[in-house]
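One structure is given below, encoded as C-alpha cells.
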4 protein chains.
Amino acid sequence: MPDPNPQRRNEEARKAILTAAMELSTDPGFQATSVEAIAKRAGVGKQTIYRWWQSKGAVVLDALNELALPTMSFPDTGDVIADLRTQLTGVATLLRQSEGRVFAGLVSAAQNDDSLSRTMIETILQPRVDACRERLERAQRQGQLRRDVDLEEVIELLYGPLYYRLLFRTQPVTTDQPAQIIDLAFTGLRPKRSRRGSP
Amino acid sequence: MPDPNPQRRNEEARKAILTAAMELSTDPGFQATSVEAIAKRAGVGKQTIYRWWQSKGAVVLDALNELALPTMSFPDTGDVIADLRTQLTGVATLLRQSEGRVFAGLVSAAQNDDSLSRTMIETILQPRVDACRERLERAQRQGQLRRDVDLEEVIELLYGPLYYRLLFRTQPVTTDQPAQIIDLAFTGLRPKRSRRGSP
Amino acid sequence: MPDPNPQRRNEEARKAILTAAMELSTDPGFQATSVEAIAKRAGVGKQTIYRWWQSKGAVVLDALNELALPTMSFPDTGDVIADLRTQLTGVATLLRQSEGRVFAGLVSAAQNDDSLSRTMIETILQPRVDACRERLERAQRQGQLRRDVDLEEVIELLYGPLYYRLLFRTQPVTTDQPAQIIDLAFTGLRPKRSRRGSP
Amino acid sequence: MPDPNPQRRNEEARKAILTAAMELSTDPGFQATSVEAIAKRAGVGKQTIYRWWQSKGAVVLDALNELALPTMSFPDTGDVIADLRTQLTGVATLLRQSEGRVFAGLVSAAQNDDSLSRTMIETILQPRVDACRERLERAQRQGQLRRDVDLEEVIELLYGPLYYRLLFRTQPVTTDQPAQIIDLAFTGLRPKRSRRGSP
DNA sequence: CTGTAAGCGAGACGGTACGTCGAGTCTTCAG
DNA sequence: CTGAAGACTCGACGTACCGTCTCGCTTACAG
C-alpha cells in the first residue's frame, strides 16, 4: 500500500486526464460526468485516475486550478476601491462562464466530502483570501478602510453576494454586481444624512 | 398516465417518508442517502416515493420545509437593525445545526437539477426574501435605510456571508456573525473620519 | 439478505440467460466468457444473473442441464453389455461435440469452487451414476456381472477412460472408444489361456 | 525481439519463482494465485516471469515437474500386476496430497490453453505413459497380459478411474483404489463361472 | 353491498457507474 | 544491459442505486 511514486508518473496521461475532466465538467456538467467517462475520453485506464486522485472532485479541482484559474495576484494601484472592483469583476466574469458551473459542481461535491472541501479551501480559496487580506491591510494602513473590522468578515461581505447568486441561482452573476456590492459595503446602508432635524 | 389522485394519498406514508428523509439526510448525510434507503426506513415501496416526488432532492426539500423550517414571519419592532439581527441570528442558529448540513446538501443537489433549484427558490428562499424586502421597504420609508439601494442586493449583502461559511466551510457559521455582518453593512467600510486634514 | 422470491422470477430473462450462456460457452469458450458478456447477449442486467446464480459456472451448469443434456434413462434390453455400449456411446457422442468442451470448462471451474463442484455432482453426475448402478445391480442379479465388485468402482472403470481423453486431450474421444472400454473391462486383461503348460 | 538469452538467465530468480508458484498453488490454490502474487513472493519483477514463461500455468507446470514429481521409472520385478500396483499406488499417494490439487488446477487451466495442454502432455503425461506402455509390452511378451489389446487404452482404463476421482471429486482418491482397479481390470467384469449348468 | 380501480408494500427488472483486481506491456533506475 | 520495481491500458469483477415495471393486497368510491 505505498503511495505511488510521483517520479514515475506519466505526464501525458496526467494532462489528458485534467483536460478531459475540464471538458466533461463543462459539457455534460460536473455531476453528469463519471470517472469512467473521464478515463475513456482521456484514453486512460480508470486505475490511473484512482492512483493519483481520491475522487472525481479531486480531479476536477486540479483541472480547474491548472487549466482555468488565473494566478490572480491582487492588483494594487493605491486605490483600494478601484482594486477591489477590478478583482471582483474578474471573479464575476469567470463565474459567469462555464468555469462558474464547474466550480459550483465542485462546491456541491465538497458538501459531503471533507477531504475535498479542505483541499478546495487550501488550493482555491485560501490563496485568494490571503492576497485579498493583505491588500486590505495595506488599505487600512493607508487610511482607506476602517481599522476596527475583522478583514476575514469584510472579505465574506464582499464575496458572499457573488457566491450567493452562483449557488442559489436566484439571478445570474453579472459584471456590474461587484460595483454595486462595493458601493453598498463601503458606503453602508445607513441613510445619507437625515433630511430634517438631525443633531 | 394521469397524475396520481391526491385525495387518495396515504397521509401516513407521506409523513413516514418525510421523517425518514430528514433523519437520513441528517445522519448518513444527504448525498449518502439513497431513495431506496428512504423507502426502506419509511417502510414504503420505492414507487410510492417516485409517485409523489421527482427526486430525492424534492423529498428532502419538502421534509425540510415541513419538519425543520419555522414559518419565520419577519419581526417588526420599529428598529430595522434590531429586527435584522433577530432574524439573521435565527437563520444562523438553524444553519449551525444539522438542518444546516441538510440544506447544504439540497443546495448541492440543486446545482445540477434546475427543477429542484427552482422549487427550492420558490418554497424556501423567495418567501423569506420577500418578507425581508418588505421589512426593508418599511425601513426605507421610515428613514432607517438608504433609499438609493436595490433591496435585492442588500439582502444578498446580508445573507451572502452566512451562506459563504455554510457552503465553503472555511469556518463555522456562528451566532455572532449576524451582528458583525449588520454592523459592517450598515456602518460601511470607509474609515470613520480621517484623523487629520479632512474638510 | 433474504433470498429473492422465485415466484416473481422472470421466466423470459431466465431462458435468455441460459441460452446466452450456452452459446457463449460454446463459441468463445467457457473461460473466455464473462458474466458481463452473458448479460449483454441475454439483454439482461448483470444483477439479474447474480441474483439467481452464484457464479458463471452455476449458470452454465444450469444451461447445460436444461439445454444440452438428455434425460438419459438408462436402457435395459436385458443385455447389460449392449446397454452399456448404447449408453456410453451416447455419452461419447455428446462429449465429442461442443457440449464436451463446455462440460470440460465446467469441470475446470469446479476445481476451485467447492459449491459448483457439489452442484455439478448432484445435478449431472449423481443421477446418471445412480441410473447406471441400478442397471448394473440388475445385471448382477441376472448373472451378467460379477457379484463381488463395488459398482461405484465399476462405473469409474467404465467412464474414467472417457473423461481421461476429454480432459487430458491426449487424443479425442471417439465413438468406438466405448466398445473397446467395455471389451477390456468385461473380458479383463489376463491372457486368454496360457498357450503351453499352464498348471 | 529475439528470445531472451538463456545463458544470461538468473538461476536464483528462476528457483525463487518456481518455489513461490508451488507454494501459492498449494495454499491459496492454483486459480486463486495471480502472476503478480508469484512475482511478489519470489521478490521478482512480473516481467521476469513473462520473459521466461507464457502463462501462470506454464510456471506451475515447471514447478510441479521440478519440485514435486518423482522421476518415476517404472518398476519391473517380473510381476506386472505387482508393478502396476506399486506404480499406481505411488500416483494415488501423490494425488491425495496437495500436489493433487495443484495438478488438478493445471488440468483445469489446460482446458482452454492449447499450448499448456500440449506441454503438460509432453512433460508430465507422455513420459509416464511411455514408461508404462513399455512395461506392459514386456508383460505381453511374457504372457502376463492379453496380446489383443491396445496398450494406450489399457493405460486409460487403469489411470482413468484415478483421475475421475481427482477431477470430479465424487470421492477422494485413496491408496487402495489402485488395487481394486487392477483387480477389476485384470479379472474382468464377467461373472466367475455360472454356478449351475456349466460343464 | 359490491365490483373495480386506485394507492400501497414489495421487490425483480434493465441499466450505469462504482472502486478494485489482475493481465500483459512498457519505462525507469540500480548494480 | 539485466532485472526489480512498478506505472500503464484494458477488461472484468461483484455491488449499489437508479427509475420502471409487475405483483397481490387493502381500501374507498360508484353503480
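Here is how names work: the chains are called A, B, and so on, in the same order as the sequence lines, proteins then strands, and each is numbered from 1.
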Taken to the nearest whole Å, CZ/B/R9 to P/F/dC29 is 17 Å
Residues 100-112 of chain C vs side-chain hydrogen bond (donor to acceptor under 3.5 Å, both in side chains), sequence neighbours excluded, gives C/Q31-C/S108, C/R101-D/Q111, C/S108-D/S108, C/Q111-D/R101, C/N112-D/Q31
A/Q7 atom CD is separated from F/dC8 atom C1', nearest whole Å, by 17 Å
Salt bridge (Lys or Arg N to Asp or Glu O under 4.0 Å) pairs touching residues 110-124 of chain B, sequence neighbours excluded, are A/R169-B/D114
For B/T19, the side-chain contact (heavy atoms from CB on, under 4.5 Å) test, sequence neighbours excluded, returns B/E23, B/L67
D/W52 atom CH2 is separated from E/dG24 atom P, nearest whole Å, by 18 Å
By side chain to side chain donor-acceptor pair (under 3.5 Å), B/N65 pairs with (sequence neighbours left out) B/T123
With sequence neighbours left out, the residues meeting salt bridge (charged side-chain N to carboxylate O under 4.0 Å, His left out) with A/E12 are none
Across all chains, not counting sequence neighbours, the side-chain contact (heavy atoms from CB on, under 4.5 Å) partners of D/A32 are D/P28
A/E12 CD to E/dT28 P, in whole Å, measures 11 Å
With sequence neighbours left out, the residues meeting side chain to side chain donor-acceptor pair (under 3.5 Å) with D/S34 are none
Compare side-chain N and O positions of C/R51 against OP1 and OP2 of E/dC13 and report whether any pair is under 4.0 Å apart.
yes
- Task: Verify the contact: side-chain N or O of B/T48 to OP1 or OP2 of E/dG7, cut-off strictly under 4.0 Å; return yes or no.
- Result: no
note: A/I17, atom CD1; F/dC8, atom C1'; distance rounded to Å ~ 10 Å
Protein-nucleotides 1-3 of chain E N/O pairs under 3.5 Å:
none

Note: C/F168 and D/M120 closest approach over all heavy atoms is CD2-CE, 4.0 Å
Residues passing the side-chain contact (heavy atoms from CB on, under 4.5 Å) test with A/Q47, sequence neighbours excluded, are A/Y50, A/R51
With sequence neighbours left out, the residues meeting side-chain contact (heavy atoms from CB on, under 4.5 Å) with C/A20 are C/I38, C/R41, C/A42
Atom CG of C/N5 and atom P of E/dC13 are separated, to the nearest Å, by 10 Å
*Hey, are C/E36 and C/K40 close enough for a salt bridge, meaning a charged N less than 4.0 Å from a carboxylate O?*
no
Rounded to whole Å, the CZ-P distance (A/R14 to F/dC8) equals 12 Å
Within residues 103-115 of chain D, the residues having a heavy atom closer than 4.0 Å to DNA chain F are none
Taken to the nearest whole Å, CD1/A/I49 to C1'/E/dT20 is 14 Å
Quiz item: Across the strands shown, which category fits B/W53 at heavy-atom distances under 4.0 angstrom: base, sugar-phosphate, nothing?
Solution: nothing
Letter by letter from the 5' end, nucleotides 17-26 of chain F scores (B base, S sugar-phosphate only, - none; protein heavy atoms under 4.0 Å) BBBBB-B---
